[in-house]
Structure formats: C-alpha cells, structure tokens
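Bear in mind the structure is a predicted one, so any value in this text is a computation, not a measurement. Residue numbers begin at 1 in each chain, while the letters A, B, ... track the order of the sequences.
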There are 2 protein chains.
Amino acid sequence: MAESLTLPDLDPISDRAVFRQIADHIREAIERGQLAEGDKVPSEATLMQHYGVARMTIRNALQVLQSEGLTVAEHGRGVFVRSHPPVRRLASDRFARRHREQGKAAFIAETEGAGGKPSVDSIQITEVKPSAQVAELLNLGPKARVVSRSRRYLINGQPVETAISYIPAEIAKGTQIMQPDSGPGGIYARIEEKGYRLDRFVEEIKSRMPLRDEVRALKLAPGVPVFHLVRTAYATDGTPVEVCDTVMSSDAYVLSYELPAR
Amino acid sequence: MAESLTLPDLDPISDRAVFRQIADHIREAIERGQLAEGDKVPSEATLMQHYGVARMTIRNALQVLQSEGLTVAEHGRGVFVRSHPPVRRLASDRFARRHREQGKAAFIAETEGAGGKPSVDSIQITEVKPSAQVAELLNLGPKARVVSRSRRYLINGQPVETAISYIPAEIAKGTQIMQPDSGPGGIYARIEEKGYRLDRFVEEIKSRMPLRDEVRALKLAPGVPVFHLVRTAYATDGTPVEVCDTVMSSDAYVLSYELPAR
DNA sequence: CTCCTCAACTCGTACATACGTGTACTACAG
DNA sequence: CTGTAGTACACGTATGTACGAGTTGAGGAG
C-alpha cells in the first residue's frame, strides 16, 4: 500500500539544512497526494537508511512536519498523515430566532445537514461562584452565583469543540437548564421562556495554541491551534443573560460574520 | 538584573520526562514574572550544569517553550522571553461609516488611540488576473482583471498584519486607489465616490499555523498561530466591490463581533 | 480453534561528542 | 580615539549510542 512513494535524494550543494530538506520532501509528497490522509510516513529507521543520516536528523525533520500540523506520531505505531475533520462553517446568523424555533439544537441540525454524525458528551451541570471575568461580563454582584453547563461536541466521533455556558443562577434555577437535556430550542429557549427576550450576542475571538487539557479533550494534533471564543448573550433590556466560553479545534471550523457598513 | 532566578531541582521520583520538568520550571518562572518579557533565559550550557543533564535534554525543554510561543531563540545571542505586542481589539463596527468619515485610516486612528505607534510599509499596487477564489467572491467573469493593493501593518515597529485588497480594475482605474496613498477615508471612500454605496461586509476567519513566508513577514515566533481573515465588501445593490485577504499575528489581536438574535 | 507469549518494530527519552555560524566584547594596532 | 582582529560564548546542525515503552503479529501451548 502506498509503496509508490519515492523520496528524492538530498541536494549536497544546497545550504538548506538537511533536516529541512527531508521535511520538504515529505511535505511535498503529502501535498502531491502521494501520501494521503491516514497513510503511514516511512519509519524513522527507513528514512535513516534512505537518506543515510542519523536518527536525530530524521526526528528533526518529522518534528517540523508535526509542528506544521501535517502529521501525527503515534507511539509504537508510526507517524501518520493527519486526517482533517469536516469543516463546520459558523455563520453569523446561526443564533437567529428562526433557527432556534425549529426545536433542534443548532449543532445537531447543522452537522446532520452537512452529512456528519453529531454527538455531545461530558455534560456537567454545577452551580458555582463565577470567575471574575464571567461575573463582569454578566454584570453580577459579588455574592451572585451562576449555573455552569459544560459539554463537548463531536462530529463522527471526533471531538471538535468544548463549551461551558454560565447562566445567572437566578435565571436558571427551576428550569430545564439544570437538566442535561435542556429541552427543545436549547437553553436560549428556556431563557426566553423566563421572560428575557434575546436581543444580540457579542463574540470575542482569540486564537492560540491549546493548553495540555485542551489537547486531550479535543484530541488535537501537535501544531494545531484553537479558537477561543467567548460569547455573551444580551436581552432586549441590555441585561447579559449568558456567557459561553468555547474552545474549538481550528481546523474543524471556519467562522463567518456579517458586518454592517452603516 | 534578573539574577534572582533560581530554578528548582529535578524530581527524581516523578515519571514526567526530564525535559518536560525543566520546561515546566522555566514556564513557571515566566508566569511568576521572575523572567520578564525580553529577559534572557539561562543559556543551554548553564542549564546543563544546573540540572546535570545532556544538552539534548535542555534543547528539548527549550523547544517545548518555543513551540508554546513563550520564548524565542536568537542565534548567537541566547533565548529570550517573548514580548507581546499590544493587543488590538477589532470591533464589528470598525467599518461603520461614522468612523470612515473622520478621514483617517482605521488602523492609524485606532493604534494611536491605544497609545501605539502605527506604521504601514511594503505597499505594492499591481493589476493582475484574480485567483479563482477572488474571482468568485467578486463575481467576476473570466477576463476581468483586478487591482491588488498589498501592505504590511506595524505597531511600534513590530509587524502585526499583512493585507492584500483586490478591487475590480473597472472600479479602481483612474482613482487614487492606484496610488500608495489612497487618500482620506481610504479605498472605501474612493469606492463610494465612484457611486458604490457600501452596505455590508462578510468576514471569514480561519486560524492556522503560519507558512514560512508569513513567519518572516510578521516576525512570528515559532508556535504562534495566525488569523487568516477574508473580507468581502458589498455595495447596496449586492455587488461585491472589494476582497481583502489578511493574515494577522494571533497574539496581537482579539476579534469582536456582534450578532443579532433576531 | 483460541489464547498467550514473545520477538520485532515503532516512536520516546537521554546521553556524549563534534563542528558550524552568528553575536558581542576586548584588546591591540594604527 | 578609532577600527579591526581575536576570542569567548551563544545557538544550530549533525553523528552515534543506549535503553524504555507501546503496538503488532507470528507462532506455540493448551
């Protein structure tokens, strides 16, 4: 399988470092499709033989590819070309009421629409003291408490996003928000039933390398950054009613926003 | 001079790899502020002595920090704690007409307002055949041509963003858009003078690791991802009038958007 | 046929050594 | 005082060796 792979020899004249040349060869093989997603990259021993260099040199080359997010190393198995999950496009109207009223959670509906198998796990609901940041965004006093709903989203079994919502306890108490299944239309529907008519959301987006926990939770390959998105939901009277803190695998998402020119 | 730095010894019991322990120590020193921005991390030789380990082990540790974006190595000088440029917050109303009418380019005004010294360089203007992607976004026929304006934005001399705008040649020809200084209010003002009233913008955002050229252009430290943002400007009749392809250093930006709930 | 053991192969970690190349400071010559 | 050569030091690249640990599959025991 895939043994049509033939890597060029080193260019003895080039002043490009040997390990970079090797990385270039493998990268080009991937880009040309000679190595497809999921294919095994030749083992370190094989590459040592082919190029006639030391193992450290090969490892440096593989390190480059890994930090570019092109490959993953699996201990005891080999190095493989990364496979990319289907990309989710988040449009700026994704929280429009017309979508919310269909009853299905946005994530489920969207993913099924795109032909993927959505799932949600690790749902945890607790009542806690809000962090300083959350308290400020929700405009809460020092004694207020919030209900936190954390969960993880997966597409075709591959985790793509973790999210934690914070809702003022005063709003969430006694509603289905406290249940793992928050009911038709999700927590936003429950919040509106409480008399808060949703008006607008504000999203703040950062991009950075993931923390250790995030690498684990999202099964991220080395070299893949994450979107860190904090969304605050406001009711028509200006009251913030929810803060949602989400971390998304950057190669599973394209974010899309519409801005007025007015 | 920062010589209060004392690193702990290795934990011989821990099953955490030695190089990771060392990386942890240095990371904590940075987080505690014992190593401030711009400070020199002890040299590889010093660390070898302190921990009594081989150089490869030290280099592995430093590699970890570098790929986390915490440090930069400078050949012949040493390893330094990365300094972060001031963060720019891009709000979703940044292209509102009221800002545009003040005459100053958005980037200059914003940066000065935040106390930074803005500059723009590498301005290049050419007329080219659009790429397939740009042609599609601009809704152009196979023979149409576009004017491309590329430039690089810097804050306090540090590059933070590169941008290439594509404007249909038909619109740009004969206007100040063809000049390095596009005049008061920037190219959007020129486009409106041509009779296209701007209505809305659509931005698509990806996050990924930078390409080699981008690392150079933005002087990115290893391990720092970039935002890749493509903005399309539409006139009130729905005609797309500009596509702007920008790459931003992710640690210099926070993006902020407002979404309607309606 | 099934289960288990074990060998072979894989990547991970660590050691020791050598030489190249860029930087910065010092000392000396002019 | 100035300029330059030298030198010490820093990281970059590369070789070679050794052992650890996870995975896989073949082959033998039951």
Salt bridge (Lys or Arg N to Asp or Glu O under 4.0 Å) partners of [X], counting only residues at least two apart:
X	answer
B:D121	B:R152
A:E203	A:R94, A:R231
A:R27	A:D24, A:E68
A:E37	none

Hey, are [X] and [Y] close enough for a salt bridge, meaning a charged N less than 4.0 Å from a carboxylate O?
X	Y	answer
A:R82	A:D251	yes
A:E161	A:R151	no
B:E74	B:K40	no

Practice problem: Would you mind reading off the distance between A:E44 atom CD and D:dG22 atom P, rounded to a whole angstrom? | Solution: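 So the two atoms are 17 Å apart, to the nearest Å.
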Practice problem: Round to the nearest Å and state the distance from A:Y51 atom OH to D:dT15 atom C1'. | Solution: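 My rounded result for the distance is 18 Å.
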Self-check item: Outermost nucleotides of DNA chain C that come under 4.0 Å of a non-hydrogen atom of chain B
Solution: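 So the contact region on DNA chain C extends C:dT13 to C:dA24.
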Result block: side-chain N/O donor-acceptor pairs under 3.5 angstrom for residues 8-15 of chain B, not counting sequence neighbours:
from	atom 1	to	atom 2	distance (Å)
B:D11	OD1	B:I13	N	2.9
B:D11	OD1	B:S14	N	3.3
B:S14	OG	B:R16	N	2.8

Quiz item: How would you list all residue pairs meeting ring pair (Phe, Tyr, Trp, His ring centres under 6.0 Å) that involve residues 15-45 of chain A, not counting sequence neighbours?
Solution: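 The answer is A:H25-A:Y51.
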Quiz prompt | Residue pairs fulfilling ring pair (Phe, Tyr, Trp, His ring centres under 6.0 Å) with at least one residue in residues 60-82 of chain A, sequence neighbours excluded | solution =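 Not a single pair qualifies under ring pair (Phe, Tyr, Trp, His ring centres under 6.0 Å).
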Quiz prompt | Any residue of residues 10-31 of chain A with a heavy atom less than 4.0 Å from an atom of DNA chain D | solution =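 Within residues 10-31 of chain A, the residues near DNA chain D are A:A17, A:V18, A:F19, A:R20.
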Atom pairs, protein N/O to nucleotides 24-26 of chain D N/O, distance under 3.5 Å:
from	atom 1	to	atom 2	distance (Å)
D:dT24	OP1	A:R77	NH1	2.8

Quiz item: Which residues in residues 52-59 of chain A have at least one heavy atom lying under 4.0 Å from any atom of DNA chain C?
Solution: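 Within this stretch, A:R55, A:R59 sit under 4.0 Å of the strand.
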Practice problem: For B:E127, look at atom CD and say whether over 12 heavy atoms of other residues, nucleotides or ligands are found less than 6.0 Å away. | Solution: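 Yes, because the 6.0 Å sphere around CD of B:E127 holds more than 12 heavy atoms from other groups.
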Practice problem: Just say parallel, tilted or perpendicular for the rings of A:Y153 and A:F107, cut-offs at 30° and 60°. | Solution: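 Judged by the thresholds at 30° and 60°, the geometry between A:Y153 and A:F107 is tilted.
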Quiz item: Can you list the residues that meet the ring-ring contact (aromatic ring centres under 6.0 Å, His included) rule with B:H228, with sequence neighbours excluded?
Solution: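 B:H228: no ring-ring contact (aromatic ring centres under 6.0 Å, His included) contacts found.
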